[in-house]
Amino acid sequence: QVQLVESGGGLVQAGGSLRLSCTASDGTLSTYSVAWFRQAPGKEREFVASIFRRNNGYGYYADSVKGRFIISRDNDKNTVYLQMDNLKPEDTAVYYCAADRNLILSSIRIEAQYDYWGQGTQVTVSS
């Protein structure tokens, strides 16, 4: 069973940037479609962005992050990234990466679609 590990979270001021990384313990992340979700205190976990395993660089985004976040992957490095720019206090949350081998476009925002999840990394944006 693959284990996903997120890194790159931290504390940043509003307007700043962070880059999150997601890797797979067994080196197989290139065989999965991957998404980022986030959960803010007192709120439900929500979809942020996703990228398919057969990827031409195109990502899918929640409206709240479109134009500020970019999801990408480097299959040679077994890593999926989430570049987050122009961060806002409302982006504060625990960010999770999730992976699935059979992702379809209509299901990218559905948590139950994803078989594997990381433990999460905290992102805090101060005003």
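Computed over heavy atoms, backbone and side chain alike; hydrogens, waters and symmetry mates excluded.
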Is there a salt bridge (Lys or Arg N to Asp or Glu O under 4.0 Å) between Asp63 and Lys66 once you walk through the steps? CA-CA 5 Å; Asp63 288 343; Lys66 203 171 292 184; 3.2 Å; yes
Looking at Glu46, I want to see if its CD is surrounded by more than 12 non-hydrogen atoms of other residues, nucleotides or ligands under 6.0 Å.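 Check passes, neighbour count above 12.
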Passes side-chain contact (heavy atoms from CB on, under 4.5 Å), Val123 versus Leu20? Steps please. CA-CA 9 Å; Val123 171; Leu20 305 183; 4.0 Å; yes
Mind listing the closest non-hydrogen atom pair of [X] and [Y] along with its distance?
X: Gln83; Y: Ser17; result: NE2-CB, 3.9 Å
X: Val94; Y: Gly120; result: CG1-CA, 3.8 Å
X: Tyr96; Y: Glu6; result: CA-OE2, 3.3 Å
X: Ala49; Y: Leu82; result: CB-CD1, 4.2 Å
X: Ser30; Y: Arg73; result: CA-NH2, 3.7 Å
X: Cys22; Y: Trp36; result: CB-CZ2, 3.6 Å

Relative to the ring of Phe37, is the ring of Tyr114 parallel (under 30°), tilted (30 to 60°) or perpendicular (over 60°)?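 Tyr114 vs Phe37 ring planes: perpendicular.
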Between [X] (side chain only) and [Y] (backbone N and O only), is there a donor and an acceptor less than 3.5 Å apart?
X: Asn78; Y: Leu29; result: yes
X: Thr79; Y: Lys77; result: yes
X: Arg109; Y: Ala62; result: no
X: Thr92; Y: Val125; result: yes
X: Ser50; Y: Ala35; result: no

Please test Leu4 against Thr23 for side-chain contact (heavy atoms from CB on, under 4.5 Å), starting from the C-alpha separation and ending with a verdict. CA-CA 6 Å; Leu4 304 179; Thr23 61; over 6 Å; no
Taking atom [atom1] of [X] and atom [atom2] of [Y], what is their separation to the nearest 0.5 Å?
X: Met84; Y: Leu18; atom1: CE; atom2: CG; value: 4.5 Å
X: Arg101; Y: Arg53; atom1: CZ; atom2: CZ; value: 7.5 Å
X: Asp85; Y: Leu87; atom1: CG; atom2: CG; value: 7.5 Å
X: Ile70; Y: Tyr61; atom1: CD1; atom2: OH; value: 5.5 Å
X: Gln1; Y: Gln3; atom1: CD; atom2: CD; value: 7.5 Å
X: Asp115; Y: Tyr32; atom1: CG; atom2: OH; value: 8.0 Å

Quick one: does Lys88's side chain get under 4.5 Å of Arg68's, heavy atoms only?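 Heavy-atom side-chain distance check passes, below 4.5 Å.
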Donor on one side chain, acceptor on other, Tyr95 and Arg38, under 3.5 Å: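 A donor-acceptor contact under 3.5 Å links the two side chains.
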Less than 6.0 angstrom separating the ring centers of Phe52 and Tyr58, yes or no?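 Ring centroids of Phe52 and Tyr58 are no less than 6.0 Å from each other.
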According to a hydrophobic-cluster definition based on side-chain heavy atoms being under 4.5 Å apart (Ile, Leu, Val, Met, Phe, Trp, Tyr only), do Ile110 and Leu105 belong together?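 No, Ile110 and Leu105 fall in different hydrophobic clusters.
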Are Val48 and Tyr81 connected into the same hydrophobic cluster when the rule is that any two of I, L, V, M, F, W, Y join if their side-chain heavy atoms are below 4.5 Å apart?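 No, no single cluster joins them.
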